[in-house]
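Bear in mind the structure is a predicted one, so any value in this text is a computation, not a measurement. Counting starts at 1 for both ligands and their atoms, following the listed order.
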Amino acid sequence: MPKPTLRPKADKPRALMQYRRLGKTELNISVIGFGASPLGDVFGPSDAEEGIKAVHLALDEGINFFDVSPYYGLTLAEERLGQALMGRRGKAVLATKCGRYGVNEFDFSAKRIRLSVEESLRRLCTDHVDLLQAHDVEFGNVDQIISETIPAMRRLQEAGKTRYVGISGYPLKVLMRIAQQLPVDSILSYCRYNLMIDDMDTVLTPLIERLGIGLINAAPLHMGMLTERGAPDWHPAPPQVRLAVREALAFCRKQNLDLSELGLRFCFGYPRVASTLVGMSTTEEVYRNLHAFRSPADPELISMVKAILAPVANVVWPSGRSENHD
Ligand code: NAD
C-alpha cells in the first residue's frame with residue numbers, strides 16, 4: 001500500500017481538524033470520527049496497548065468523536081476505549097449504544113436499556129455518555145422502539161446518564177419511520193454513503209435536514225471492503241461486490257494509489273454529515289486517515305474508481321426483521 005508522505009505535526013494539534021455541530025445538539029464533533037469497533041477485535045485481533053496509543057494520538061490531533069457499543073467484541077471495545085480515555089474523558093465526545101448485545105441478541109426493553117447504560121458507564125469509566133443510540137433498530141419491533149426504548153433513553157437523559165439520544169441502523173426507511181414519529185437527536189447510518197453506494201444522500205439526508213437531526217455516516221470503507229486487507233468473513237455483501245472491489249484495488253495499485261485513502265477522501269468531503277466514523281485501532285491508521293482528510297479529493301480519480309464499481313453500485317443486503325427492510 002502506498003505510504004502517506006505527510007505526517008501531522010505534533011506541535012500543532014487541532015489546527016487542521018474541522019468540527020461540525022451534530023444537528024440541534026450542543027455537540028461539536030470532528031469531521032473524522034473514531035469508530036471503536038476494531039478495538040473489540042471485530043476485524044481481527046488488535047493490540048490493546050496500540051489501540052490505546054491510537055486513541056491518544058487521535059485526541060492529540062483533534063479527533064474528538066468516539067463511537068462504540070457493548071456489542072463490539074462483546075464488551076471488549078467499550079472496556080478498551082474506557083481505559084484509553086481515562087484521564088482524557090473531558091476531551092472526548094463519547095457515543096455508545098444499547099439494545100444489541102450479540103449477532104442475534106437484542107433487547108430493546110426499558111429495563112435492559114437502563115441496565116445496559118449502567119454497564120456501559122462502568123466499562124467506559126465515566127458517569128455519562130454524550131450520545132446514547134438504540135443499536136440497529138431494524139432488529140427491533142418499531143412500535144416498542146417508539147413507545148418504550150426511546151422514552152427510556154430520554155429518562156436516562158433526564159437523569160444525566162446521556163446528553164443526547166439517537167438511533168442507528170442499516171435500512172434507511174425504518175430510521176426515517178422512527179424519526180418521523182418521535183424526536184431523536186441523531187441518526188447513525190452505515191454502509192449507505194461511500195464509493196460503493198450513495199442512497200443515504202438521496203433518501204435519508206433530505207428528511208434529516210428538514211427535521212434538524214444530526215447525521216453520522218459510518219463505515220466509509222464499507223466495513224473493511226475498500227481495503228487491501230479486504231472484507232472480513234462476516235461481511236454481508238454478496239460475492240460480486242468483493243470481485244468488483246478487487247478490480248478497483250488492481251486499478252489503484254497500477255496508479256500507485258491507495259483505494260482506502262481515496263474512499264475516505266470521498267466521504268470526508270461530504271458536507272451534509274456532521275462526522276464520518278472510520279474504524280481504527282492503530283496509530284498507523286490514525287495517521288493515514290488524518291492524511292486522507294488533509295489532502296484534497298481528486299474528482300477525476302474518484303469518477304474512474306466509481307466507474308469500475310458501477311456494476312455493483314448501490315447493492316444492499318437484507319438486515320433485521322423483514323417488515324423493516326427497505
Ligand atoms: P470501516 O468502513 O470504517 O472499516 C474499518 C476497517 O478498515 C477496519 O478493519 C480498519 O482497520 C480498516 N481501516 C481503517 N483505516 C484504514 C486505512 N486508512 N487503510 C486501510 N484500512 C483501514 O467500518 P467500521 O469500523 O465498521 O465502521 C466505522 C465505525 O462506525 C465502527 O467502528 C462503529 O463505531 C460505527 N458503525 C456503527 C454501526 C451501527 O451502529 N450499526 C455499523 C457500522 C459501523
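- A donor-acceptor distance shorter than 3.5 angstrom exists from the side chain of Glu138 to the backbone of Tyr170, with no hydrogens or angles considered.
- The existence of a salt bridge linking Lys173 and Asp326 is excluded, since no basic side-chain nitrogen approaches an acidic carboxylate oxygen closer than 4.0 Å.
- With a heavy-atom cut-off of 4.0 Å, Thr227 touches ligand 1 through its side chain alone.
- Every atom of ligand 1 with a heavy atom of Arg229 under 4.0 Å away is listed here by number and element: 9 (O), 11 (O).
- Contacts of Glu261 with ligand 1, taken as heavy-atom pairs under 4.0 Å, are absent altogether.
- Nearest-residue assignment for atom 7 (O) of ligand 1 (options Leu221, Ile216, Val137; heavy-atom criterion): Leu221.
- In terms of polar-atom proximity, defined here as any N/O pair under 3.5 Å, His222 does make such a contact with ligand 1.
- For Ala219, heavy-atom contacts with ligand 1 shorter than 4.0 Å involve the backbone as well as the side chain.
- Note that Arg229 lies outside the cation-pi zone of Phe43, set by a 6.0 Å cut-off to the ring centre and a 45° limit from the axis.
- In this structure, Met225 falls outside the shell of residues with a heavy atom less than 4.0 angstrom from ligand 1.
- A side-chain donor-acceptor contact under 3.5 Å links Tyr270 and Asp201.
- Only the side chain of Tyr72 comes within contact range of ligand 1, with a heavy atom under 4.0 Å; no backbone atom does.
- Within ligand 1, counting atoms from 1 as listed, the ones closer than 4.0 Å to a heavy atom of Ser37 are 25 (O), 31 (C), 32 (O).
- Below 4.0 Å from some heavy atom of Leu188 lie the following atoms of ligand 1, by number and element: 37 (C), 38 (C), 39 (C), 40 (O).
- Of all the heavy atoms of Met223, the ones lying under 4.0 Å from any atom of ligand 1 are found in both the backbone and the side chain.
- At a 4.0 Å heavy-atom cut-off, ligand 1 does not touch Asn194 at all.
- Per-residue contacts place Arg288 under 4.0 angstrom from the following atoms of ligand 1 (heavy atoms of the residue considered): 18 (N).
- Ligand 1 places these atoms under 4.0 Å from at least one heavy atom of Ser168: 39 (C), 40 (O), 41 (N).
- A distance-only check finds no donor-acceptor pair linking the side chain of Thr96 to the backbone of Leu132 [under 3.5 Å].
- Near His135, with a cut-off below 4.0 Å to any heavy atom, the atoms of ligand 1 are 39 (C), 40 (O), 41 (N).
- Between Glu118 and Arg114 there is no salt bridge, since no side-chain N of the basic residue sits under 4.0 Å from a carboxylate O of the acidic one.
- At least one N or O atom of Gly224, backbone or side chain, sits closer than 3.5 Å to an N or O atom of ligand 1.
- Between Arg80 and Asp41, at least one side-chain N (NZ, or NE/NH1/NH2) sits under 4.0 Å from a carboxylate O, which counts as a salt bridge.
- Judged by distance alone, with hydrogens and angles left aside, the side-chain atoms of Arg100 form a donor-acceptor pair with the main-chain N or O of Gly102 at under 3.5 Å.
- Under a 4.0 Å criterion applied to the non-hydrogen atoms of Pro38, ligand 1 contributes the atoms 32 (O).
- Ionic pairing of Asp130 and Arg89 is present here: one or more N-O contacts between side-chain nitrogen and carboxylate oxygen are shorter than 4.0 angstrom.
- Stacking of Arg112 on the aromatic ring of Tyr101 is recorded, both the 6.0 Å distance cut-off and the 45° axial limit being met.
- In this structure, Glu26 places its CD atom where only 12 or fewer heavy-atom neighbours from other residues, nucleotides or ligands lie under 6.0 Å away.
- For Met280, the closest heavy-atom approach to ligand 1 does not fall below 4.0 Å.
- Contact annotation for Ala36 and ligand 1: only backbone heavy atoms (N, CA, C, O) come within less than 4.0 Å of the ligand.
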